[in-house]
S.K.: 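One structure follows; several queries about it will come next.
Every number for a ligand or one of its atoms is a count from 1 in the order of the listing. Fair warning: this is a prediction, and the values are worked out from it, not measured in the lab. In this chain, numbering begins with 1 at the start of the sequence shown.
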Amino acid sequence: MNKAQYESLIPKPVLLEKRGGVCSLTPESRICVQAGSTWALQAAEYLAGRLRPLTGLPLPVEEAAQAFEPGCIYFTAQGAGTELGEEGYQLSTEEGCLIIRARGFAGFFYGCQTLRQLLPPAEGPWEIPGVFIEDYPRFPWRGSMLDVARSFFTVDEVKRLLDLLAAYKLNRLHLHLSDDQGWRIMIDSWPNLALHGGSGAVEGGRAGFFTKAEYQELAAYAQSRAITLVPEIDLPGHTNAALASYPELNRDGVAPGLYRGMKVGFSTLAAEKEITYKFVSDVLGELAALTPGPYLHVGGDEAHSTKDEEYRLFMGRVQDIVAELGKTLVGWDEIIQAGLRPGDLVQIWRKDTRPREAVRQGAKLIMSPCTRVYLDMKYGPETELGQDWAALIEVEDAYSWDPVSVYPDVGEEDVLGVEAPLWTETIHNLGDMEYMLFPRLLGVAEIGWSPRQGRSWEEYRLRLAAHGPRLRAAGVNFYRSGQVPWEER
Ligand code: ACM
């Protein structure tokens, strides 16, 4: 038997009580916003944009009248307590109407996402059962990463991904913008990076780059979905596309050719050359000016061709540059060895790494263990797409772990959150991207949002089953894992 909508929410809310009554959406239903709240209005317009095509109802958005009316959806900050924070919300049915209370845009927006899941995926009746929900996230950083460097993805494809992330209350999209195979963002002071470096891709992958206007369009679209973009320029390794674009960045002054293979660790910027720092400073400066979010990800992984001493020297200079730009530095866990500064963020990915050491130096941790949430890993030995160097990751494996206990000596307060990367050596189009992310990404969303206590795979898989029809209705190409008793409608 199918579960009721309110029993199948992902991520699972902090508190849900079933109440009597129902809110029925009808041709008379309106979406009513507390006067003067632009956050509520923005979320209400978003919701109307989703529900009108789904339900065929007019659902006008207007300022709230004094009294609540049955069949209407209300957005208000009144009664939203500080315990909700910026991202939390309260959703309740009262006297036949539905009320979303929140303190900021993200809270209203997440109330909308829960409301969407309380409605059937594709066909009416458009009724919301009587519920009281109070909900807020466990971690502030809940994300995914898309490697647009090995294989490029278009603005529309990234927007599609942003919509899907938002539906599950994920709030970070990390864009891996440069690597050996390609450079994906226009930098005006070094235009060959995009013009030449952007013409490369991994074998079978797509070339291309984002103009500055396109990047800003993506950043604004992300903001409208309560998502912050985290741009990454991978340094000092993973830089063949840059080295191929400017001979002067190379130790020997000779530009290599573009690289279409899958090996890592062979390229490096020249830590001893002063022009290297002019390059880094120009690139990060333009990127910082472009991105509204507070983060600059500087990579730092697998710099196997950079000597240890050079790596420390180089990363120290990069830290200075990022600090001067007023941004928060994010790096892969190899940067621990370069020495961290308080407030740095370290993305933990390797099995043998030392998160405790990062914490001791004042950094916070983003958990991306490659054996759990590298979503380019195959589900099983038969999965055609993806790789298997870290692990085979079935849906249960991506769900049944915890960001705080996956490494020793890490506490709840040390962990900023969780992020699931998608590397694209073998993933070259939207359908393949969706197949690798879904449904594993829903589990990651729940790990990042829901309380740890009481979480169980056996309970989760039944809720996940109810999202099959929902993903299908959204046209998502997802993996029909045999571990999940998928509902048909
Ligand atoms: C990585 O997987 N090289 C961060």
S.K.: For residues F139 and W449, establish whether the separation of their ring centroids is below 6.0 Å.
M.R.: no

S.K.: Any side-chain donor-acceptor pair under 3.5 Å between T424 and S151?
M.R.: no

S.K.: Can you see which heavy atom on G88 is nearest to which on P137, and at what distance?
M.R.: N-CD, 4.5 Å

S.K.: Any idea which atoms of ligand 1 are less than 4.0 Å away from a heavy-atom of Y374?
M.R.: 1 (C), 2 (O), 4 (C)

S.K.: For E302, is at least one N or O under 3.5 Å away from an N or O on ligand 1?
M.R.: yes

S.K.: Near W423, which atoms of ligand 1 are under 4.0 Å from a heavy atom of that residue?
M.R.: 1 (C), 2 (O), 4 (C)

S.K.: Which ligand 1 atoms are under 4.0 Å away from a heavy-atom of D301?
M.R.: 1 (C), 3 (N), 4 (C)

S.K.: Establish, from distance only, whether the side-chain atoms of E394 and Y479 form a donor-acceptor pair under 3.5 Å.
M.R.: yes

